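To keep things clear, I will list the structure first and then write my remarks on it.
Just so you know, residue 1 is the first one in the sequence shown, and it goes up from there. For clarity, every value in this text was computed on a predicted model and none was experimentally measured. Hydrogens, waters and symmetry mates are skipped; everything else that's a heavy atom, side chains included, is used.
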Amino acid sequence: MANALVSIQIIPKLANGGDTYPLVDEAIKIIAESGVQYEVHPLETTMEGDLSQIMSIIEKMNQRMIELGSISVISQVKIVYKPDGITMGSLTEKYR
């Protein structure tokens with residue numbers, strides 16, 4: 001069972017000030033390929049899973065941004081950690 005929900009907004013910066021949406025798409029691709037449950041929202045993506053695994057995914061996302069030409073990366077992260085288990089649905093079910 002998942003012990004963490006982690007939302008991330010990744011903000012890559014390109015030297016030429018170019019369009020960063022393709023880089024954000026690549027970051028989301030890393031999440032998708034990881035196998036963790038996730039939801040993409042307009043300003044952030046939320047992942048559900050093991051905290052250490054999710055932190056590793058975030059590290060890979062940042063590294064990939066640099067590989068793609070970003071000169072720096074801001075990662076705004078929110079974490080809910082609950083060792084006995086947590087899901088996105090448990091926090092949002094009353095709204096759906």
| task | Could you tell me whether R64 and E67 make a salt bridge, using a distance below 4.0 angstrom between a side-chain N and a carboxylate O? | result |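 Judged by the 4.0 Å cut-off on N to carboxylate O distance, R64 and E67 do form a salt bridge.
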State, yes or no, whether a side-chain contact exists between [X] and [Y] at a heavy-atom distance under 4.5 Å.
{"X": "T45", "Y": "S7", "result": "no"}
{"X": "I8", "Y": "T46", "result": "no"}
{"X": "V6", "Y": "K78", "result": "no"}

| request: Look up atom CG in N62 and atom OG in S75, then write down how far apart they are to the nearest 0.5 Å. | output: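 So the CG of N62 and the OG of S75 are separated by 3.5 Å.
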| Say you draw a straight line from CD of E26 to CE of M65; how long is it, rounded to the nearest 0.5 Å? |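 Rounded to the nearest 0.5 Å, the CD-CE separation comes to 6.5 Å.
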| Donor-acceptor pair, side chain of T87 and main chain of S90, under 3.5 angstrom |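 Yes, the answer is positive, given that a donor and an acceptor are paired below the 3.5 Å cut-off.
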| task | Determine yes or no for a side-chain-to-main-chain donor-acceptor pair under 3.5 angstrom, with N3 supplying the side chain and L51 the backbone. | result |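 Between the backbone of L51 and the side chain of N3 there is a qualifying donor-acceptor contact (under 3.5 Å).
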Looking only at heavy atoms, what is the nearest atom pair of [X] and [Y], with distance?
{"X": "V77", "Y": "I79", "answer": "CG1-CG1, 3.8 Å"}
{"X": "E48", "Y": "M88", "answer": "OE1-N, 2.7 Å"}
{"X": "G49", "Y": "I54", "answer": "N-CD1, 3.5 Å"}
{"X": "I10", "Y": "A27", "answer": "CG2-CB, 3.9 Å"}
{"X": "K60", "Y": "I30", "answer": "O-CD1, 3.8 Å"}
{"X": "V24", "Y": "P12", "answer": "CG2-CD, 4.2 Å"}

| Of L68, V73, I11, which meets side-chain contact (heavy atoms from CB on, under 4.5 Å) against L23? |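 Running side-chain contact (heavy atoms from CB on, under 4.5 Å) over L68, V73, I11 with L23 returns exactly one hit, L68.
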| message | Please determine whether residues I74 and I58 belong to a single hydrophobic cluster, defined as Ile, Leu, Val, Met, Phe, Trp and Tyr linked transitively by side-chain heavy-atom distances below 4.5 Å. | response |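 I74 and I58: separate clusters.
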